[in-house]
Amino acid sequence: MSLALFNDLTRKKEPFIPIKEGQVTFYSCGPTVYDYFHVGNSRPFIVFDVLRRWLEHEGYHVTFVQNFTDIDDKMIHRAHKEGITVQELAERFIAEYNKDANALGIRKPDVSPRATEHIPEIIHTIERIIENGHAYVSDGDVYFDIQSWPKYGTLCKQNLEDLEAGARVEPGEKKKDPLDFALWKAEKPGEPSWPSPWGNGRPGWHIECSAMSSKYLGDNIDIHSGGVDLMFPHHENEAAQSEAASGTDKPFVNYWLHNGFLLIDNEKMSKSLGNFLTARAAIEKYPPLALRFFMLSAHYRSPINFTTDALEQSAAGVSRLRNSRSDLNFAAKTRTGKNESFDLKKFQNELDELHTKFSEAMNDDFNTAAAMGILFDVVYLINTTLKENDILPDEFFTLSKNALGEYDSILGVIGPDDSESEHDEESAEIENLIQERTNARKTKDFARSDEIRNMLKARGIVLEDTPQGTKWKREL
RNA sequence: GGCGGUAUAGCCAAGUGGUAAGGCAGAGGACUGCAAAUCCUUUACCCCCAGUUCGAAUCUGGGUGCCGCCUCCA
């Protein structure tokens, strides 16, 4: 089975067929860098990171672009409040974004364009829209002309009347239609501005994505993703702008993907509601891997509820995965050898079968929840095999490690391998203490034995006694 | 009001019409100096009502609950 994605444009699961064979152009809406991003914001970053990895795993050459919105009302207000420039604010929170994203195992995009570094492209895009007759200048502002765009509302499946009924009309606005939205906003005192054919001003919210997407990926791209709340108005507007600018009948985006919301206490987590937890605060409280596990434990389009319980359960799940790998590593050092009664072929077949299932799950609208179920099946297979055999051949360890490694290169929920750091200074010290404890246990000095174990435990090092000796691992 | 999502065990959650994956927690057991980990055993009237079907968690119709979008929002 090949990859199918649920396309919000058609509200159907469709086979994924890229524009250029073997290549994927993928634009993901990034953060407005006026603050730390919160746990809800982290969901699309994590789930679409996994989709990107999966596409690459399947052999596509992916160009992944995720923007930084570094100029808008929120940026301006926040910068004023902090007494710094908008640019300083952006620099600060782009750095903070990168820290948190890195901690959560989110890979860097191929391109991370910033709105303020693309003012010429934005202006050019607006000029094209005006030339094509879909925007008008009104007293220094430029608005998109909704009435000139019959397709408006196709993404969010709303007709114009219903949208107009709900549209906010602000006094003093210079729009022809309440649904018209700003492409360019005339300069206001004390706000950053750039010169343009329509006077000094700044870009509207939606236009940056159109301009930057087109610059780095072209006028017709494969995938565009973001949270469901961006479907309207942001993505609807983007599509209208981009298609109005390109002037071709090719759609801006072939596959629109939207992740479901993250709820906290059964309510949407949002900055405006004030019920948010920053990703920074969350990963101080819970292991980052647990947060990632949590995001991937449900299908990306389902809503998920952020609770202490759920995060603790996720952390326990991560531990199970990590334990299996650390048991595997330890056994590889202590229990490798010839074993005539072990049926390697059968083991390999079972792994292959699970591999097929994993691929099927990921190809089915990247169903990470099902895929993680398969990962646990793999862990179970490895654990029982380790249990049933005292000695196992090299091939078993190679196959098992490769399997876990491959799955984790996509999901990123098992995390770094402690055994890779086993030659550093701290490890040597730990090994010495373990040796001392082993000696104490031989002479039945359990007081000293437990003392050493507790001492290491306090440092986050957990000891486990096995028939092959004592193994250690770091706590999550 | 318009549009959309969702309802599966104590909790989280997958599920393509053929009597329910996986994880967490719990109980009992094996192993262990004690622990930890692991393994074995064990836990589901799939929101309600009606319908289609030989057969429905899955399809249809009607309810009900919860959530979201329609305004800045991942």
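The shown structure was predicted, so the numbers you read here are calculated from the model rather than taken from an experiment.
By the salt bridge (Lys or Arg N to Asp or Glu O under 4.0 Å) test, A/Glu436 pairs with A/Arg448, sequence neighbours left out. A/Phe45 is linked by a ring pair (Phe, Tyr, Trp, His ring centres under 6.0 Å) to A/Phe37, A/Tyr97, counting only residues two or more places apart in sequence or in another chain. Checked against side chain to side chain contact (heavy atoms under 4.5 Å, CB included), A/Asp145 has the following partners two or more places apart in sequence or in another chain: A/Tyr136, A/Gln147, A/Ser148, A/Lys176, A/Asp180.
Map A/Leu273 and A/His234 each onto its nearest nucleotide of RNA chain B; the residue landing nearer the 5' end is A/Leu273.
Both tests hold for A/Lys271 against A/Tyr34: distance to the six-membered ring centre under 6.0 Å, angle to the ring axis within 45°. A cation-pi contact, defined as under 6.0 Å to the ring centre and within 45° of the axis, is absent between A/Lys13 and A/Phe6.
Rounded to an integer number of Å, the gap from CE of A/Met75 to C1' of B/rC72 is 14 Å. One can place CG of A/Leu263 at 13 Å from C1' of B/rC69, the figure rounded to the nearest angstrom. Distance CZ (A/Phe446) to P (B/rU32): 13 Å, rounded to an integer number of Å. Rounded to a whole Å, the CG atom of A/Asp365 is 12 Å from the P atom of B/rU16.
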Short N/O separations, protein against nucleotides 5-15 of chain B, under 3.5 angstrom:
{"residue": "B/rC11", "atom": "O2'", "partner": "A/Gln313", "partner atom": "NE2", "Å": "3.3"}
{"residue": "B/rC11", "atom": "O2", "partner": "A/Gln313", "partner atom": "OE1", "Å": "3.2"}
{"residue": "B/rC11", "atom": "O2", "partner": "A/Gln313", "partner atom": "NE2", "Å": "3.1"}
{"residue": "B/rC12", "atom": "O4'", "partner": "A/Gln313", "partner atom": "OE1", "Å": "3.4"}
{"residue": "B/rA14", "atom": "OP1", "partner": "A/His299", "partner atom": "N", "Å": "3.1"}
{"residue": "B/rA14", "atom": "O3'", "partner": "A/Asn367", "partner atom": "ND2", "Å": "2.8"}
{"residue": "B/rG15", "atom": "OP1", "partner": "A/Asn367", "partner atom": "ND2", "Å": "2.7"}

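Spacing of C1' atoms, B/rA27 relative to B/rC47, comes out at 29 Å, to the nearest Å.
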Report task. Please assess A/Gln66 against A/Ser112 for the test side chain to side chain donor-acceptor pair (under 3.5 Å), listing each intermediate value before the final yes or no. Result -> CA-CA 5 Å; A/Gln66 182 178 285; A/Ser112 303; over 6 Å; no
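Residues from residues 41-52 of chain A lying near RNA chain B, meaning a heavy-atom separation below 4.0 Å, are A/Asn41, A/Pro44 in numerical order.
Within the nucleic acid shown, A/Phe376 comes within 4.0 Å of sugar-phosphate atoms alone, with no base atom in reach, counting heavy atoms only. Across all strands, A/Glu312 comes closer than 4.0 Å to no nucleic acid atom at all (heavy-atom distances). Residue contacts shown for A/Asn266 are limited to sugar-phosphate atoms, with no base heavy atom under 4.0 Å away. Among the protein residues, A/Lys74 comes within range of the sugar-phosphate backbone only, with heavy atoms under 4.0 Å from sugar or phosphate atoms but none that close to a base. Residue contacts shown for A/Leu262 include a base, since a base heavy atom lies under 4.0 Å away.
Each of A/Arg43, A/Arg107, A/Arg292 was evaluated against A/Asp49; a single residue qualifies, A/Arg292, per the salt bridge (Lys or Arg N to Asp or Glu O under 4.0 Å) test. Checked options A/Arg78, A/Arg202, A/Lys188; the residue passing with A/Asp73 is A/Arg202 (criterion: salt bridge (Lys or Arg N to Asp or Glu O under 4.0 Å)).
A donor atom on one side chain and an acceptor atom on the other are not found under 3.5 Å apart for A/His206 and A/His235. Looking at A/Asp8 and A/Tyr255, their side chains never bring a donor and an acceptor atom within 3.5 Å of each other.
Closest approach of A/Leu183 to A/Gln241, counting heavy atoms only: CD2-NE2, 3.2 Å.
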Requested in this report: Give the B/S/- string for nucleotides 34-40 of chain B, one per nucleotide from 5' to 3', where a protein heavy atom under 4.0 Å of the base yields B, of only the sugar-phosphate yields S, and otherwise -.
Outcome: BBBSBSS
